[in-house]
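Accompanying notes for the structure given below.
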There are 2 protein chains.
Amino acid sequence: MTDTTIAALIQRLRTTTGASDDDLRALEALPYTLRNYRENQSILRDGDRPSECCVIVDGFCVRSKTIEDGKRQILSIHIPGDLPDLQNLHLATMDHDLVALSNCALAFIAHSAIRDLIRSRPTVGDIFWRDTLLDAAVFREWIVNVGQRAAHNRLAHIIVELRERLRMVGRVTGDAFAMPLTQEQIGEAMGVTSVHTNRILRQLRLDGVLEFHRGTVKILNEHKLQELAQFDGRYLHSSPST
Amino acid sequence: MTDTTIAALIQRLRTTTGASDDDLRALEALPYTLRNYRENQSILRDGDRPSECCVIVDGFCVRSKTIEDGKRQILSIHIPGDLPDLQNLHLATMDHDLVALSNCALAFIAHSAIRDLIRSRPTVGDIFWRDTLLDAAVFREWIVNVGQRAAHNRLAHIIVELRERLRMVGRVTGDAFAMPLTQEQIGEAMGVTSVHTNRILRQLRLDGVLEFHRGTVKILNEHKLQELAQFDGRYLHSSPST
DNA sequence: GCGCCGGCTTAACAATTGTTAAGTCCGGAA
DNA sequence: TTCCGGACTTAACAATTGTTAAGCCGGCGC
């Protein structure tokens, strides 16, 4: 039943929201266009006014903002099952970029189709609205991460959050998982330079916490990782009643 | 017509969204309970499961998160006309705190009343949804601010953003406006210590950019301020078509 | 295979920011 | 009015993070 193109989205909504089977079937029935993006390819740019939303079918994307002096901040990392530009349903103009981190498959659904579905099934609207609120909850934790945690804790937190989210869509097996960012991009996510990112990664490796090599994280010491990350996943609101 | 308790909210929605007069009248007709909070009083705490939402009628609030070691990060500053806990309509549990910065008057509206209104007027639902998306857009810029800008630019940005938002609800006259945070709280907003906040404020004063005294910002040199803030207000989506 | 290029690694040094510790100032309570 | 406490201010010093620069490594195109 969830063996559709947008299976990851359906799986995530089924386990984390109170979506009815009817609503999920209606979502699966939405008309979409599948498009592939290459590593580093822009999907949407700051200022764009898109008329469709995308579901990540496979691969990783990031949302980011670049400021005047060229510095870039990564705002969020997106994985299969995410709707990284759903906000465009009500905010006409993109205020940031959406970029493919790895080769990606995206299912594009016209705003008009989504609006029609919401009109005929208001509970689907609630599910979508909730998804954008979850987005905001993740942004809030990201602010805390960048604002208050030391760089090594910050990196541990990003890693644990990503792993939790990947687990929800069945993308983690064993002690390793994909995180296809360069060290420079990890730095842009943390708000530090690539040189400092490298320092932190080396320290984590020497301390036997984790290894990061060519886009793959391997956890060596789960206990130490948890200690560093200070991760409290309540903000992911991963059960319907939270 | 906008001389109601929630005038600031109505004014903001009228100018920044495409809300119809009928929708705005329906909003004004919502039943509410007015409650007053004192400076520093908690309105909602992390973990609460509220059954109503509030509109800020008067005063300032902040949303914040406190991490294990006691450090606190301010996530957003809220002003009259804001709906700082609208996300609870779909996320049952608070994942952060909402605190009154100054003495505040808040109008509380039951979730059930809001849900009823949305059901009978879906366009009101769109307006509310959009408002939470705007919230998320402000969070995104806040991430950029904390992650990429040097502390003096960061403070300038916070000040300019706050002023823009205060202007929308008619709370700025001349070159001064209220920002009732202590230096420690400004630091918690920027992700720096109170000592460093003090350094930055002194430098801005010596450079003739602005003065901050007892919760009031006075702009001395608008040009220098703009230069520091690197402020691009597009993310505030302050016209209906953005 | 060879060379190129992007990404990784490291080191030395500089700048920013945090920590600690003393005050000072000022408004409200007694 | 006086005193008290919270907020502000400053300085000295420490820690973290940025900057610059150089070399290395490894995959990919020729």
Side-chain angles (χ1 to χ4, degrees), chain A residues 38-41 62 67 69-74 99 101-103 145-156 158 178-207 210-218 228, chain B residues 38-41 60 62 67 69-74 99 101-103 145-158 178-207 210-218 228:
Chain A
R38 290 183 315 281
E39 191 180 322
N40 279 323
Q41 195 176 352
V62 289
I67 60 177
D69 58 9
K71 283 192 243 175
R72 197 168 83 122
Q73 174 69 43
I74 288 179
V99 182
L101 269 184
S102 62
N103 290 335
N145 206 34
V146 174
Q148 297 297 335
R149 286 193 257 264
H152 53 285
N153 303 298
R154 216 181 291 178
L155 181 50
I158 288 176
M179 177 165 151
L181 283 78
T182 64
Q183 291 188 9
E184 174 150 35
Q185 290 167 332
I186 295 174
E188 288 171 344
M190 293 199 290
V192 303
T193 60
S194 61
V195 173
H196 198 56
T197 304
N198 186 274
R199 280 196 275 248
I200 305 289
L201 282 171
R202 176 180 40 175
Q203 198 55 51
L204 291 177
R205 182 168 12 93
L206 293 178
D207 291 347
L210 60 83
E211 274 169 359
F212 176 79
H213 184 62
R214 297 179 46 65
T216 299
V217 178
K218 186 175 177 191
L228 286 170
Chain B
R38 290 184 314 281
E39 191 180 325
N40 279 323
Q41 194 177 353
F60 287 68
V62 289
I67 60 178
D69 57 10
K71 284 191 241 175
R72 198 168 83 121
Q73 174 70 42
I74 288 179
V99 182
L101 269 183
S102 61
N103 289 336
N145 205 34
V146 174
Q148 297 297 336
R149 285 193 257 264
H152 54 284
N153 303 298
R154 216 179 291 177
L155 181 49
H157 196 279
I158 287 176
M179 177 165 150
L181 283 78
T182 64
Q183 292 188 10
E184 174 151 34
Q185 289 166 334
I186 295 174
E188 289 171 342
M190 293 199 290
V192 304
T193 60
S194 60
V195 173
H196 198 56
T197 304
N198 186 274
R199 282 197 274 248
I200 305 288
L201 281 171
R202 176 180 40 175
Q203 198 54 53
L204 290 177
R205 182 169 9 96
L206 293 179
D207 291 347
L210 59 83
E211 274 169 0
F212 176 78
H213 184 62
R214 297 180 44 66
T216 300
V217 178
K218 185 174 177 192
L228 286 170

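Proteins come first, then strands; the chains are lettered A, B, ... in the order of their sequence lines, and each starts at number 1.
Residues forming a side-chain hydrogen bond (donor to acceptor under 3.5 Å, both in side chains) with Glu184(A) (at least two apart in sequence, or on another chain): none. When the side-chain hydrogen bond (donor to acceptor under 3.5 Å, both in side chains) test is applied to Asp207(A), the partners found at least two apart in sequence or on another chain are Gln203(A). Residues passing the salt bridge (charged side-chain N to carboxylate O under 4.0 Å, His left out) test with Lys218(A), sequence neighbours excluded: none.
Put simply, CG on Leu206(A) is 11 Å from P on dT9(C), counting in whole angstrom units. Rounded to whole Å, atom P of dT20(C) lies 17 Å from atom NE2 of His196(B). If you measure from atom CE of Met179(A) to atom P of dG7(C), you get 15 Å, rounded to the nearest angstrom. Taking atom CD on Gln148(B) and atom P on dT16(C), their separation rounds to 16 Å, with Å as the unit. Distance CD1 (Ile186(A)) to C1' (dG7(C)): 12 Å, rounded to an integer number of Å. A straight line from CZ of Arg154(A) to C1' of dT16(D) spans 10 Å, rounded to a whole angstrom. The interatomic distance linking Ile200(B) (CD1) with dG18(C) (C1') rounds to 13 Å, in whole Å. Put simply, CZ on Arg149(B) is 17 Å from P on dT16(C), counting in whole angstrom units.
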For this session: Kindly indicate, with the supporting measurements, whether the criterion side chain to side chain contact (heavy atoms under 4.5 Å, CB included) is fulfilled by Ile200(B) and Arg154(B).
Result: CA-CA 10 Å; Ile200(B) 305 288; Arg154(B) 216 179 291 177; over 6 Å; no
Exercise. Does the pair Leu201(A) and Gln183(A) meet the rule for a side chain to side chain contact (heavy atoms under 4.5 Å, CB included), with working shown?
Worked result: CA-CA 9 Å; Leu201(A) 282 171; Gln183(A) 291 188 9; 3.7 Å; yes
Would you list the protein and nucleotides 6-10 of chain D atom pairs, both N or O, that sit under 3.5 Å from each other?
residue	atom	partner	partner atom	Å
dC8(D)	OP2	Gln183(B)	N	2.8
dT9(D)	OP2	Gln183(B)	NE2	2.5
dT9(D)	OP2	Asn198(B)	ND2	2.7
dT9(D)	O5'	Asn198(B)	ND2	3.3

Produce the list of close N/O pairs, under 3.5 Å, pairing protein atoms with atoms of nucleotides 22-24 of chain C; give distances to one decimal.
none

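Nucleic acid contact for Gly191(B): sugar-phosphate only, since backbone atoms but no base atoms lie under 4.0 Å from a heavy atom of the residue.
In this structure, Val62(A) and Gln185(A) have side chains that are not in contact, with every pair of non-hydrogen atoms separated by 4.5 Å or more. Side chains of Leu204(B) and Leu228(B) form a contact here, defined as non-hydrogen atoms less than 4.5 Å apart. Residues Ile186(B) and Ile158(B) have side chains not in contact (no heavy-atom distance under 4.5 Å, counting atoms from C-beta outward).
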Identify each donor-acceptor pair in which a side-chain atom of residues 146-153 of chain A lies under 3.5 Å from a protein atom, sequence neighbours left out, and give them as a table.
residue	atom	partner	partner atom	Å
Gln148(A)	NE2	Arg72(B)	O	2.9
Gln148(A)	NE2	Gln73(B)	OE1	3.0
Arg149(A)	NE	Asn145(A)	OD1	2.7
Arg149(A)	NH2	Glu141(A)	OE2	2.5
Arg149(A)	NH2	His157(A)	NE2	3.2

